[in-house]
Amino acid sequence: MELILDILYIYIAVYSLYFLALAVRNLNDKPFRIEKRYSQYEEKDNLAVIIYARNNKITLDNLIKELKMQDYPINNFRVFVILDNCSDGSDQLFINEEFVNLINISGVGTVGKDQAVSMLIERLSKDQSIDSYVFMDADRSIPSNFLTTVNSALVNNSVLSGETLIITDNLGPVDKIKAAYQKYHMNFMRKARSLFGLAASADSGVFIIKKDIVDEIGCIDFKDINSELKYSMLLSKIKCPCTYNPNIQTYVDTANYEFRKPRLSARIDLFKNCFTQVWSNNFVFAEHTFSLLNPNIWMILVIYAVLMKHSYRYYFFVDFKIVLFTFLVLLAGFGISLINSKLRFREIILLCLYPFYSLCHIIKNLPPVRVVRAKITQKEELEEGTEKLVIDAFAMNVAGRELPCKLEFISESGLAKIKFIYKNKKFITGKHLRMIDALQEIRQKLNDYGFVLKICSCCKYFTSNVDGSTNMLKGFCNSDYPSPSITGKKPTLIWNSCSDFEPAKVTNLLEEMANEQGMDQQAR
């Protein structure tokens, strides 16, 4: 037991000193300011800007416009857009568009970012005119000097990640806490590590890498956040570490941003695999390996509480005052880290609430709690019945902004209901005799908040097909899409969608029944 406490104290004391060193180093970010000031004078590399899109029509259109307005010479960069099974009409943006090299993946389902990007990289591998790749998601927005800043950062680094600025206007309380923590983590931890010349984790949302490194490795690994961390370790191992650069900034709307963090189990497994290789002559890789074991706030507090109590009452290899001193060093480091973290006072308050969110997250993912949650979820699924259809859709506001959501059409014991899912928020309708009535409840609920579902049954060109079925899932499309030459009614289903969507007026059930009765009387 005494040996374990000794090891824990050494671990936590080293981390406290490391944290203070980062905080002090972060006070002077002059190298980044100088680099930004003289970025326009660097020799211009040839860049391949690769954008991955999955039903991001509005933000993609804006991003292409921003790329056209870059202060970077247009002859020194090319834009490649990958449309991965898009159903929102994104391909219509590039008709007769010579600025964009379009790769439209359709008819084979959604292949995913990793595979889609790898397919393009394989095609570009023989192109010797490309110096570096710039990977971005289509939901990003960039300033006019983005490519100039990237080019300048590539002078001293071969692999780069940048700062993601989250527009927090419509975030909920929990997401605001996570956004404050992410801003603090980027402006302190990642920036300070970069100033020390230490490695950062890759972020596929904005990732820059020189082409010769990709040719050497032979791939890009963008499957998920855990794969990106593993890929970052590989880059550190070959002495081409990913470096964080706060000058490289992209903006993302809250509706499109997903807070991601590698799983603890994935970090531990990766540490085990890399530990045997840390004794090689590669300090950056060794430090990056040990950084996988960074403790969270609750682990730090618990260890210090146990150590201070033990050293105060019993014999310990260091005095209680020394344990208390290292704890104060950690607190001092935290105070200093706030100075150049660019956090407003309200964001500092939210940052202080992050440990409570972290505790709730830990409890939620404890094995016993996960088992109980799984049983409850299974019970819920059994209650909902065995017939269920999940549809990807969009909820659109009055400004035309689209939010990705899901609809679950559920049939249970002859009754119909629909579950609307947006991120972690869910709404389940009551049970109805017809599926069309359950959908009407969803429509009215969203309409109260200023949103409309972008599906056929909510479009003004849609007419229902009274085919004698109870649920009335079929209908006809009366628009000219995709071509006016196609005459006659085009059959469709209530959950289908196309780019020629125009919201229909929302009426309540009583009005619809009255209208149907009036039409029946006229027909007679």
Side-chain angles (χ1 to χ4, degrees), residues 29-53 56-82 90 93-94 96-102 120 124 127-167 186-187 190-191 194-195 200 202-214 242-253 256-257 342:
D29 57 357
K30 187 177 179 180
F32 289 126
R33 287 185 274 116
I34 293 175
E35 178 185 283
K36 187 174 183 179
R37 182 182 302 172
Y38 297 104
S39 59
Q40 58 183 319
Y41 302 110
E42 301 291 350
E43 184 179 350
K44 303 300 186 290
D45 281 356
N46 293 322
L47 307 176
V49 182
I50 300 175
I51 303 170
Y52 175 81
N56 306 106
K57 182 179 179 181
I58 295 177
T59 54
L60 176 60
D61 186 28
N62 180 66
L63 179 57
I64 296 302
K65 291 177 181 177
E66 290 172 338
L67 284 168
K68 290 180 178 179
M69 298 173 64
Q70 291 292 299
D71 59 9
Y72 201 72
I74 196 168
N75 293 329
N76 289 102
F77 74 98
R78 287 183 289 164
V79 178
F80 299 86
V81 174
I82 304 173
S90 297
L93 297 172
F94 308 110
N96 300 323
E97 176 62 83
E98 297 181 357
F99 180 75
V100 172
N101 298 277
L102 182 64
L120 178 58
L124 298 179
D127 191 337
Q128 300 302 319
S129 65
I130 299 174
D131 295 315
S132 301
Y133 296 118
V134 180
F135 298 97
M136 278 193 295
D137 286 343
D139 55 17
R140 302 296 174 113
S141 178
I142 57 175
S144 59
N145 65 342
F146 175 77
L147 293 181
T148 299
T149 304
V150 166
N151 180 74
S152 177
L154 283 168
V155 173
N156 297 317
N157 301 280
S158 300
V159 187
L160 296 160
S161 66
E163 181 180 5
T164 299
L165 300 173
I166 307 169
I167 303 171
M186 285 190 172
N187 290 326
R190 290 171 68 91
K191 186 171 70 173
S194 181
L195 289 167
D203 177 11
S204 63
V206 52
F207 181 69
I208 301 97
I209 185 170
K210 289 188 176 180
K211 182 177 179 294
D212 56 355
I213 297 177
V214 178
C242 179
T243 303
Y244 173 76
N245 192 307
N247 292 336
I248 302 173
Q249 296 181 334
T250 61
Y251 301 83
V252 62
D253 191 86
N256 301 313
Y257 189 74
K342 302 178 184 179

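By convention here, the first residue in the shown sequence is residue 1.
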Listed partners of Glu97 passing salt bridge (Lys or Arg N to Asp or Glu O under 4.0 Å), at least two apart: Lys68

From OH (Tyr38) to OG (Ser152), nearest 0.5 Å: 12.0 Å

Set of side-chain hydrogen bond (donor to acceptor under 3.5 Å, both in side chains) partners for Tyr133, sequence neighbours left out: none

Qualifying residue, where the test is side chain to side chain donor-acceptor pair (under 3.5 Å) with Tyr72 and the options are Asn151, Thr148, Thr149, Asn145: Asn151

Separation between CG of Leu47 and CG of Asp131, rounded to the nearest 0.5 Å: 7.5 Å

Spatial distance of atom CZ (Phe94) from atom CD1 (Ile64) [nearest 0.5 Å]: 4.5 Å

side-chain hydrogen bond (donor to acceptor under 3.5 Å, both in side chains) involving Lys211 - partner list, sequence neighbours excluded: Asp215

Shortest non-hydrogen contact between Thr59 and Asp139, atoms and distance: OG1-CA, 3.6 Å

For the student: nearest non-hydrogen atoms of Phe135 and Ile209, plus distance: CE1-CG2, 3.8 Å

Under the side-chain hydrogen bond (donor to acceptor under 3.5 Å, both in side chains) test, residues paired with Ser39 that sit two or more places apart: none

Closest heavy-atom pair and its distance - Ala138, Leu63: CA-CD2, 4.2 Å

side-chain hydrogen bond (donor to acceptor under 3.5 Å, both in side chains) partners of Ser194, counting only residues at least two apart: none

Arg78 side, atom CZ; Ile50 side, atom CD1 - distance, nearest 0.5 Å: 10.0 Å

Non-hydrogen side-chain atoms of Arg140 and Thr164 separated by less than 4.5 Å: yes

Qualifying side-chain hydrogen bond (donor to acceptor under 3.5 Å, both in side chains) pairs, either residue in residues 40-52, two or more places apart: Asn46-Asn76, Tyr52-Asp84

Interatomic spacing from CG in Asp203 to CD1 in Ile208 - rounded to 0.5 Å: 9.5 Å

Any residue meeting salt bridge (Lys or Arg N to Asp or Glu O under 4.0 Å) with Asp61, in chain and number order, not counting sequence neighbours: Lys65

Heavy-atom side-chain proximity of Glu163 to Asn187 below 4.5 angstrom: yes

For Phe80, all residues meeting ring-ring contact (aromatic ring centres under 6.0 Å, His included), sequence neighbours excluded: none

Ile248 side, atom CD1; Leu147 side, atom CG - distance, nearest 0.5 Å: 10.0 Å

Heavy-atom side-chain contact between Val252 and Asp137 under 4.5 Å: no

ring-ring contact (aromatic ring centres under 6.0 Å, His included) partners for Tyr244, two or more places apart: none

Salt bridge (Lys or Arg N to Asp or Glu O under 4.0 Å) partners for Asp71, two or more places apart: none

Please output the side-chain donor-acceptor pairs of residues 153-161 that fall under 3.5 Å, not counting sequence neighbours, one pair per line with the distance.
unit_1: Asn157; atom_1: OD1; unit_2: Thr243; atom_2: OG1; d: 3.2
unit_1: Ser161; atom_1: OG; unit_2: Arg190; atom_2: NH2; d: 3.0

Listed partners of Asp29 passing salt bridge (Lys or Arg N to Asp or Glu O under 4.0 Å), at least two apart: Arg33, Lys191

Gln70 side chain to Phe146 backbone, donor-acceptor under 3.5 Å: yes

